[in-house]
Amino acid sequence: MSQISTKPPSGMRDFLAPDVARRRHVIGVIARVYESFGFVPLETPTIENLSTLLGKYGPEGDQLLYRLLHRRERLARALEGKPDGGKTTELDLSDEGLRYDLTVPLARVVANYGELPAFYKRYQIQPVWRADRPAKGRFREFFQCDVDICGTKSLVADAEVCGAVATVLRELGFGNDANGFQIHVNHRELLRAMVSEAGIDLAMEGQALIALDKLDKIGADGVKTELVEKGIAAEAAAKLLDVLAAARAPGFLAARAADAASSVDVAKPGAKAAAELIELLAIVAGGPAGPHLVFDPTLARGLSYYTGPIFEITCAGLAGSMGGGGRYDGLIGMFTKRQIPAVGFSLGLERVLLVMEERGMFPPLGLGPQVLLCRFPEIGAAQAVAVATQLRAAGLRVELFADTPSLGKQLQYAATIGAPFAAILGSNELAAQSLTLKKLTTGEQKTLPIADVAAFVRAG
RNA sequence: GUGAGUGUAGCUCAGUUGGUUAGAGCGCCAGACUGUGACUCUGGAUGUCGGGGGUUCAAAUCCCCUCACUCACCCCA
């Protein structure tokens, strides 16, 4: 098309009024629930330095970062090439990028403000950007709704972030048991132990975990094939699947944890992790996340900064996850000498909205004017403005029709925009300081004093 | 990144083996009805048929390229 495209860029969206109403509704619940858990809000810039962002997410993550090109002289200099004749690289052209998630900016903030509380609990609801290919429920600009607790290794913190997101989903109507949604939980160290037990090189850990994650989708044979394709010996692949099968058996965590208790040496790697998961499950049992938490030894997460328990929310009918999180005790330490442990959970706003949309979970959301004020040509604009002002002062949402075409057109417009009432202002009404209120859905109408209009409209 | 599909009016979509001036429904505009919308009736406006190139007497239709979007995979929230 030679005309300028009027669509937003790929993977990005405009939000018209009904979209905004639904998004605000969900964000409102999330913020309220997060605050009820004692989290305080944080907002950070859209743009971060690349030095902050790079190397935190793993190689795939770095690839998906949006980078901002240098401007003007600096760009020109970079394009000219280096004095020593070396090749110009990405890093010469840019040193800033759009934030990729909210966790890394949080880590930067915690490192930057020493005066924050020792146990800093913040929530953050802001857009993030990833240069991904869009798909159903996946966008290049999307909102994350994060809660994180910094400054403690206590599993109570892990349990609290799970409790917060579980409460959000329960309040939104996703259900109060595991049929509504599940929080899968696993442990990075446990995964690592299983991989190493199978005799797989730790360098291949990431690849192995990605394959493992698909066990439910492609089956044991499928995973094995994929592992071998990735260069892992067939024996090791088979061993890994055996280890995993054992991990799915009831009592696995308890057996593992017992090793930790009975042995001075680390007889079985992962024993401590198993003990932690048992403890976490026990703590969570007392809270809102209790019915939803399930141990899932196949759960792996792509982000490289996780160190302990990891989480992911799934629900029936959704391909990806509604949210995820985990413990990252080393991330903040990448920004400061202080090692500050932390754990967090992130809800994907669009994923939540997608499921709510498909299931028709939205309550009626008030939107647009309650009253369209119509007037006849003989009524001056200033008089109409005065009446509209009175109605607004009484608390109504009022739109004043700007022109004075036939009353029929004005009423038609009121119906088109979905206003429940039209208020008609003519010379009779003006003389009596009254308005004729017409209910658009039924056609009933009644003339009443301006002072009584607000109560009449509210009564429906 | 891989595979498949779809691009025709504001929206949802027809459009035959290539063949006059590209259609329908909804919506929009005007009127019947200038202090009353919805129902009805009458009339009206729409468009670079995604873009570019090619084949042909003739292309929305066939071929090539390109762009955009959708779905699945990959990965993720």
Side-chain angles (χ1 to χ4, degrees), chain A residues 1-13 30 57-61 63-64 100-103 125-146 165 206-207 209-211 213-214 217-218 222 226 229-230 299-303 311-315 318-326 344-355 372 374-379 401 404-430 435-447:
Chain A
M1 227 189 268
S2 61
Q3 280 209 331
I4 297 169
S5 170
T6 52
K7 289 177 187 162
S10 161
M12 308 200 176
R13 296 152 300 155
I30 292 172
Y57 304 108
E60 292 83 4
Q63 281 308 113
L64 296 177
Y100 178 90
D101 73 354
L102 302 178
T103 307
I125 302 171
Q126 285 193 283
V128 302
W129 292 267
R130 297 184 186 178
D132 221 346
R133 180 186 285 215
K136 187 179 181 187
R138 176 151 100 229
F139 305 94
R140 301 200 303 177
E141 175 181 60
F142 62 98
F143 271 65
Q144 291 195 319
C145 312
D146 279 34
V165 297
Q207 293 291 309
L209 295 185
I210 287 169
D213 201 27
K214 296 180 203 165
K217 275 188 229 164
I218 61 179
E226 192 164 325
E229 278 170 9
K230 288 179 173 182
L299 172 65
R301 306 213 72 233
L303 299 177
F311 317 109
E312 197 158 282
I313 306 181
T314 61
C315 86
L318 183 70
S321 70
M322 256 193 308
F345 217 125
S346 177
L347 278 176
L349 179 64
E350 286 62 22
R351 299 283 168 84
V352 171
L353 286 163
L354 183 70
V355 176
L372 181 76
C374 308
R375 74 186 207 272
F376 289 99
E378 63 267 27
I379 305 298
F401 201 92
T404 56
S406 73
L407 186 57
K409 295 212 182 307
Q410 300 190 51
L411 291 175
Q412 178 59 61
Y413 182 74
T416 299
I417 63 172
F421 288 94
I424 301 162
L425 179 60
S427 41
N428 298 339
E429 285 86 357
L430 188 64
L435 283 171
T436 298
L437 260 286
K438 174 159 187 147
K439 186 168 184 177
L440 277 304
T441 48
T442 61
E444 299 169 68
Q445 67 181 51
K446 185 178 180 184
T447 301

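Just so it is clear, the model here is predicted, and its values are computed rather than measured. The sequence lines fix the lettering, A, B, ..., with proteins before strands; numbering per chain opens at 1.
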- Note on the structure: Atom CZ of A:Arg301 and atom C1' of B:C74 are separated, to the nearest Å, by 16 Å
- Query: Rounded to whole angstrom units, what separation is found between the OH atom of A:Tyr413 and the P atom of B:U36?
  - Reply: 21 Å
- Query: Quick one: A:Leu64 CG to B:C76 P, roughly how many Å, whole number?
  - Reply: 10 Å
- For B:C75 versus B:G7, give the span between their C1' atoms, rounded off to a whole number of Å. 28 Å
- What do you reckon, do A:Phe376 and the base of B:G35 stack, with centroid distance below 5.5 Å and planes below 30°? no
- Query: When you check the side-chain N and O atoms of A:Thr436 and A:Glu429, is any donor under 3.5 Å from an acceptor?
  - Reply: yes
- Query: Does A:Arg138 use its side chain to pair, donor to acceptor, with the backbone of A:Arg133 at less than 3.5 Å?
  - Reply: yes
- Message: With rounding to the closest Å, how many angstrom separate the P atoms on B:A38 and B:C26?
- Response: 15 Å
- Task: Mind calculating the distance between CE (A:Met12) and P (B:A77) to the nearest angstrom?
- Result: 17 Å
- Item | Under 3.5 Å: donor-acceptor pair, side chain of A:Glu141, backbone of A:Gly11 | no
- Message: For a quick check of understanding: with a heavy-atom distance under 4.0 Å over all strands, which category does A:Glu429 fall into, base, sugar-phosphate or nothing?
- Response: base
- Message: With nearest nucleotide decided by heavy atoms, which residue, A:Ser10 or A:Thr416, maps closer to the 5′ end of RNA chain B?
- Response: A:Thr416
- Message: Work out how far the C1' atom of B:G15 is from that of B:U61, and round it to whole angstrom.
- Response: 9 Å
- Query: Within the pair A:Lys409 and B:U34, is there a side-chain N or O less than 4.0 Å away from OP1 or OP2?
  - Reply: no
- Item | Side chain of A:Arg351 (C-beta onward), nearest among B:C69, B:C76, B:U36 | B:C76
- Task: Quote, to the nearest angstrom, the P distance that separates B:U12 from B:G50.
- Result: 14 Å
- What's the shortest heavy-atom distance between A:Gly137 and A:Leu354, and which atoms? CA-CD2, 4.1 Å
- A:Lys136 has an atom NZ; how far is it from atom P of B:C73, in whole Å? 11 Å
Within the sub-3.5 Å range, which N or O atoms of nucleotides 38-43 of chain B have a protein N or O partner, and how far apart are they?
none

- Item | Test applied, side-chain contact (heavy atoms from CB on, under 4.5 Å); reference residue, A:Met322; option that passes from A:Leu349, A:Thr314, A:Val165, A:Val352 | A:Val352
- Task: Give RNA chain B the dot-bracket treatment, 5' to 3': Watson-Crick (N1-N3 with N6-O4 or O6-N4) or G-U (N1-O2, O6-N3) under 3.5 Å, [ ] crossing, | other strand.
- Result: (((((((..((((.....[...)))).(((((.......))))).....(((((..]....))))))))))))....
Could you list the protein-to-nucleotides 1-9 of chain B atom pairs, N/O on both sides, closer than 3.5 Å?
residue	atom	partner	partner atom	Å
B:U2	O4	A:Arg133	NH1	2.9

- Classify the nucleic acid contact of A:Phe139 as base, sugar-phosphate or nothing, counting any heavy atom under 4.0 Å across all strands shown. base
- Query: Atom CG of A:Leu407 to atom C1' of B:G35: distance rounded to whole Å?
  - Reply: 6 Å
- Considering only the P atoms, how many Å lie between B:G1 and B:A58, rounded to the nearest integer? 39 Å
- Task: Could you give the distance separating B:C63 and B:U2 at their C1' atoms, to the nearest angstrom?
- Result: 25 Å
- Which part of the nucleic acid does A:Asn428 contact within heavy-atom distance under 4.0 Å: base, sugar-phosphate only, or nothing? base
- Query: C1' atom, B:U8 versus B:A22: distance in rounded Å?
  - Reply: 8 Å
- Task: Kindly say whether, by distance alone, the side chain of A:Arg130 makes a donor-acceptor pair under 3.5 Å with the base of B:C75?
- Result: no
- Message: Considering every strand and a 4.0 Å limit on heavy-atom distances, what is the contact class for A:Ser406: base, sugar-phosphate, or nothing?
- Response: nothing
- Task: Mark yes or no for whether A:Arg140, through its side chain, and A:Pro134, through its backbone, hold a donor-acceptor pair below 3.5 Å.
- Result: no
- A:Leu347 CG to B:C76 P, straight-line distance once rounded to whole Å: 18 Å
- Query: Heavy atoms under 4.0 Å, any strand shown: does A:Gln410 hit a base, just sugar-phosphate, or nothing?
  - Reply: nothing
- Message: Strictly distance-based, threshold 3.5 Å: is any side-chain N or O of A:Gln410 a donor or acceptor partner for the main-chain N or O of A:Thr404?
- Response: no
- Quantified in whole Å, what is the C1' atom distance between nucleotide B:C33 and nucleotide B:G43? 16 Å
- Item | Parallel, tilted or perpendicular: rings of A:Tyr57 and A:Tyr100 (30°, 60°) | tilted
- Message: What contact category does A:Gly320 fall into here, base, sugar-phosphate, or nothing, at under 4.0 angstrom with non-hydrogen atoms?
- Response: base
- Note on the structure: Whole-Å distance, A:Ile424 CD1 to B:U34 C1', equals 15 Å
